[in-house]
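What follows is a single structure, written as structure tokens, with notes after it.
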Amino acid sequence: MDKGYFNLVDFRANGVPYQLFVRNADTLLHILREELGLMSVKPGCENGDCGSCTVLMDNVPVNACHMLAVEADSHHITTIEGLEDTKLQEAFIANHALQCGYCTPGFILNAHALLSHHPDADEQKINEWLESNICRCTGYQEIKEAIQTVQKELEGNG
Amino acid sequence: MTERPLSVVGHFVTRVDGYDKAYGRTKYTADVSLPETLHVQMLTSPYAHAKINHIDTSRIWDVQGVRAVVTGNDFPIRVGPLVADRMPLAVDKVRYYGEPVALVIANKPHQAKAACNKIKVSYEQLPVINSPQEAMQNESVLIHEQLNDYKLQVEGICAVPNTNIANHTKIRKGDMEKGWKNSDKIVEAEFSFSPSDHAALETRAVRAEILPDGRVMIYTSSQGPFYVKKLLSQFLKIDEGKISVQTSMLGGAFGGKGCVQLEFLAYLASKAVGGKMVRLVNSREQDMVTSPVHIGLHAKVKLGADSAGKLQAASYEFLFDGGAYSDMGAGISKAGAVDCTGPYKIDNVHCDSYCMYTNHPYATSFRGFGHPEQAFAMERTMDMLAKELAMDPLELRMINAIKPGDTTPTQVHLNASNLGDLPSCLRKLKTLTDYKETKSKITKEGKIRTIGISAFWKTSSTPPNATAGVILTFNTDGSINLNCGAVELGQGSKTVLAQILAERLQMDMKKINVTFEVSTEYDPHQWKTVASSTTYLAGRAVLAAADDIIRQLKQIGSVALRCSPDDLNVGQRLIYLKDSPEYNMKIKDVVVAYKYPNGNSVGGLVIGKGSHVVRHLTPLDPHTGFGKPGPQWTVGAQAVETEYDPKTHAYRIIKAATVLDAGKVINPALAIGQMRGGMYLGLSWASRESFSFDEQAIVCNPSFRSYDVMRIQDHPDYLVDFVETPLVDGPYGARGIGEYGVIGMAGALANSLSQASSCNINQLPIIPETIWKLTKGDKQ
């Protein structure tokens, strides 16, 4: 009975081209995890409320649970496995901006996009961008400090 | 002999799991996806209390890929940690909204889900119990008609047949009549809040398979893999040795992953498909209501003090909202009672603490285990008393602070080791928050800034035989593998244990590999990773194992270096003569047997073992509560500063502060992180988190869309400081600290806003509407 419910999607994930037959109802989250094995993309609510499954689509953060896999056609998807040359990971470690680590890939991807769009984001801008992501372990302050540390480093280099 | 200064303990050390987590490489339970795994979907109850007349599963086979279905009658056995009162799948009736009723197993998750929707259950609704007060008053509605026949699993839990009482703990200390007579001021108040949720970001997940020889393999997101093994063995009647439980890292837990629920269901699902590997992952909605929640409470508190403010008497009635099944709720009601007074000297104490059955989702442990809940009631009453006495709230706490020589409500004698130093915490809090007086300041915009404070204490209510163990093995390069049953749930235990080992062996942290996963097959038994007990229990086990290794190294070293073992020291990867370190040998040359130049070898493998058990704990006397519930009491003081808008009743949390007597801070960065995270969880709960129930006890907000939590723009400035009064038998003097940041937050927040709004805010969550309702015509 599933015949006719599939479609071909053609997209890149972390630079690698993929052509996959997916169910029309499959979310991007499901495909990234179960077909591509990109397990850093975390399901937290599958309702677009918690940001744990944040990925970048053409460098814009999106909730992978809120997108159908077919919508990724001809787009570039980046997960934390594909995030290179960023100081964010090191800053999250150094600032103790992670505890259980479950929300961390989502926060780092969102912050990475923020810094590439708004390198000089002030606190309000950081809040605006990251309010989509929930962390239950830290007090958020550490996460903000980690991002601000990277901002300072980038400023220093620029 | 002078003591060597500590080089690893007490120092900033990066988390051992930091890199894996920051790069997204940590695998949580649901991140492992093996071929041929089948998928389980739960069908849950749409009613909070209803008879099940009939379950028709015939239509599920219309869906492609369906492999099996399981209903309650396939396993009609009651399970539970304290009172065996819960069938894994409901039989005859459902007792809460979201209760599991059936399981469908299919090739793909979407197939299992589609098939679940085809199951027809015919229900007959029953009257609901929608609060713990109703549960106490309305005895015509019994949630468990056969409570009398249920098996009590542990000593010290008193369920009362023909009522909705799952546990009643009594504390009777001193002479109440005398206490009230000596009181010049008496205040009384009632407090209430509904159940809420832990809302760990990783929803609970489990995989299970039954191998052809009968071995049961469970992979679960649990704080107590050994406990899962114990309960499965007991209720499934399978030898413990035939059950293997494995737990990878947890994506947060907060007490909510100490329950054993999905493991039973996954086992039944695997059994239904001939033992094949099955996977069951909670949706967010299921994780919020189907799996256990954070307990609710209705409390009455009465305090009496003399004119100088010295507390003379205290009486408490706690009606905990344990929900439909007792799980750990029965234990929470006991833990709340044994520390009911908070960290204050009160000689006359009367407490009745009940865990009530209601038709709400059932409760399990939540970070603080009964303490954040009762502390909210107690700390609010303390502020009401301070107002009555026209006394500064901090001063009132200072003059009543419990000290060595005093006794707890269950009459444990406190000393300078088993009790932290509250007066020092209060003094430091004053400096930290620039606390002058609690009178409110008005800002230019007409908003009111106020500091509210609270004090707290807690002991770890462990079973009297709670244990942890450690095994140390060497690699041939002299680096060490540390195996231990402590689960990493974000708290940093793996790092702290490695630090303790590095300190004792005078070794580089980088030479210690801590196993992240826990397996009941190859790790030594550990009770659970709960109750802020891991640094103490497993930390002591690490020290014992390190000493075991040192003894072995010295023994082999004495042969090779031709001296007495007593002449030797171990450290810096060497075994060396104390007085002439130039006589030394590398540890790596000893750990897989020492080889003489002529090829002869001695020694064999060096393997260290160590364990620790809590000591001298006793069950409580059922009539007076007399007994020793835990090993030591960690204390602390907290403050919250808010800015309240009297026009809209909206407020911002500006600052939150904690000063904790940690005994010894093993890792300052992790300890500060624990305090900040604890404050966050406490503030988020107190300021917005709560389930809202309709008249039929249906949870109306089981998702992050409607269940509000604090987000990044809401965080206050966190201030953290420590006092260090060593616990003599703690590792390097350390006390448990994991849960403590949560405990006083609700009280401090409510005290701050009560003062700002001039009304008594004695209910949670404190949303602007709460204050608006209280200020409307209810001014003091």
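To find a chain, count down the sequence lines: A is the first, B the second, and so on, and within it residues start at 1.
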TODO: Give the C-alpha distance, both sets of side-chain angles, the deciding distance and a yes or no for side chain to side chain contact (heavy atoms under 4.5 Å, CB included) between B:Ile712 and A:Gln141.
DONE: CA-CA 8 Å; B:Ile712 197 164; A:Gln141 198 175 353; over 6 Å; no

Task: Full working for side chain to side chain donor-acceptor pair (under 3.5 Å) between A:Gln124 and B:Gln713 - done: CA-CA 8 Å; A:Gln124 197 188 338; B:Gln713 71 275 22; over 6 Å; no

TODO: Determine, stepwise, if the pair A:Ile134 / B:Phe704 fulfils side chain to side chain contact (heavy atoms under 4.5 Å, CB included).
DONE: CA-CA 9 Å; A:Ile134 295 176; B:Phe704 282 133; 3.8 Å; yes

- [ ] Would you please test A:Cys137 and B:Phe254 for side chain to side chain contact (heavy atoms under 4.5 Å, CB included) and show each step?
- [x] CA-CA 9 Å; A:Cys137 299; B:Phe254 318 113; 3.8 Å; yes

Open item on the list: If you apply the rule salt bridge (Lys or Arg N to Asp or Glu O under 4.0 Å), what do you find for A:Asp49 with B:Arg284, and how did you get there?
Closed with: CA-CA 10 Å; A:Asp49 299 328; B:Arg284 173 55 55 191; over 6 Å; no

Open item on the list: Pair A:Glu142, B:Arg15 - check salt bridge (Lys or Arg N to Asp or Glu O under 4.0 Å), show working.
Closed with: CA-CA 14 Å; A:Glu142 302 91 324; B:Arg15 314 178 56 101; over 6 Å; no

TODO: Step by step, work out the side chain to side chain contact (heavy atoms under 4.5 Å, CB included) result for A:Glu131 and B:Asp714.
DONE: CA-CA 9 Å; A:Glu131 71 173 349; B:Asp714 304 315; over 6 Å; no

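In this structure, chain A has a heavy atom under 4.5 Å from the backbone of B:Thr26, while its side chain stays farther away. For a residue to count as touching a neighbouring chain, one of its non-hydrogen atoms must lie under 4.5 Å from one of that chain's; by this rule B:Leu201 touches chain A with backbone and side chain alike. Looking at A:Ala94, only its backbone comes within 4.5 Å of chain B, counting heavy atoms on both sides. Contacts of B:Asn282 with chain A are absent, with no heavy-atom separation under 4.5 Å from either backbone or side chain. Both the backbone and the side chain of B:Ala30 come within contact range of chain A, judged by heavy atoms closer than 4.5 Å. With a 4.5 angstrom heavy-atom cutoff, A:Ile108 touches chain B only via side-chain atoms. With a threshold of 4.5 angstrom between heavy atoms, B:Phe12 approaches chain A through side-chain atoms but not through N, CA, C or O. For a residue to count as touching a neighbouring chain, one of its non-hydrogen atoms must lie under 4.5 Å from one of that chain's; by this rule A:Asn95 does not touch chain B. Contact of A:Thr79 with chain B is not made at all, since no heavy-atom distance falls under 4.5 Å.
Between A:Tyr5 and B:His110, a ring centre-to-centre spacing not shorter than 6.0 Å is recorded.
Going from atom SG of A:Cys100 over to atom CD of B:Glu202 covers 7.5 Å, rounded to the nearest 0.5 Å. A distance of 10.5 Å separates SG of A:Cys103 from NZ of B:Lys21, quoted to the nearest 0.5 Å. Distance CG/B:Leu489 to CD/A:Gln99: 9.5 Å, rounded to 0.5 Å. Atom OH of residue B:Tyr718 and atom OH of residue A:Tyr140 lie 8.5 Å apart, to the nearest 0.5 angstrom. A:Thr138 contributes atom OG1, which lies 11.0 Å from atom CG of B:Leu681 (distance to the nearest 0.5 angstrom). With values rounded to the nearest 0.5 angstrom, A:Tyr102 atom OH is found 8.0 Å from B:Tyr28 atom OH.
Between chain B and the options A:Thr104, A:Val41, A:Asn47, heavy-atom pairs under 4.5 Å are most frequent for A:Asn47. With chain B as partner, the option from A:Asn127, A:Ile143, A:Leu83 having the largest number of non-hydrogen pairs under 4.5 angstrom is A:Asn127. With chain B as the partner, the residue from A:Ile126, A:Leu38, A:Leu130 showing the most heavy-atom pairs under 4.5 Å is A:Leu130. In terms of non-hydrogen atom pairs under 4.5 Å with chain A, the most contact-rich of B:Ala22, B:Ser684, B:Gly252 is B:Ala22. Your options are A:Lys144, A:His30, A:Glu46, and the one with the most heavy-atom pairs under 4.5 Å with chain B is A:Lys144. Contact tally against chain A (heavy-atom pairs below 4.5 Å) for B:Val281, B:Asp20, B:Asp717, B:Asp17: the top residue is B:Asp717. Of the residues considered (B:Gly678, B:Gly18, B:Gly741, B:Ala200), B:Gly18 shows the highest number of contacts with chain A, using heavy-atom pairs under 4.5 Å. For the set B:Gly677, B:Ser283, B:Pro109, the count of heavy-atom pairs under 4.5 angstrom toward chain A peaks at B:Gly677.
Heavy-atom contacts from other residues, nucleotides or ligands closer than 6.0 Å to CZ of B:Arg688 number more than 12. Residue A:Lys152 places its NZ atom among 12 or fewer non-hydrogen atoms of other residues, nucleotides or ligands, all under 6.0 Å distant.
A salt bridge links B:Glu689 with A:Arg136: at least one charged nitrogen is closer than 4.0 Å to a carboxylate oxygen.
A donor-acceptor contact closer than 3.5 angstrom links the side chains of B:Ser33 and A:Glu34.
Side-chain atoms of B:Tyr23 and A:Ile80, non-hydrogen and from C-beta on, never get closer than 4.5 Å to each other.
Between A:His96 and B:Thr14, the shortest heavy-atom distance links the atoms NE2-CA, 4.5 Å. Nearest heavy atom pair, residue B:Gly24 against residue A:Pro105, reads CA-CG, 4.0 Å.
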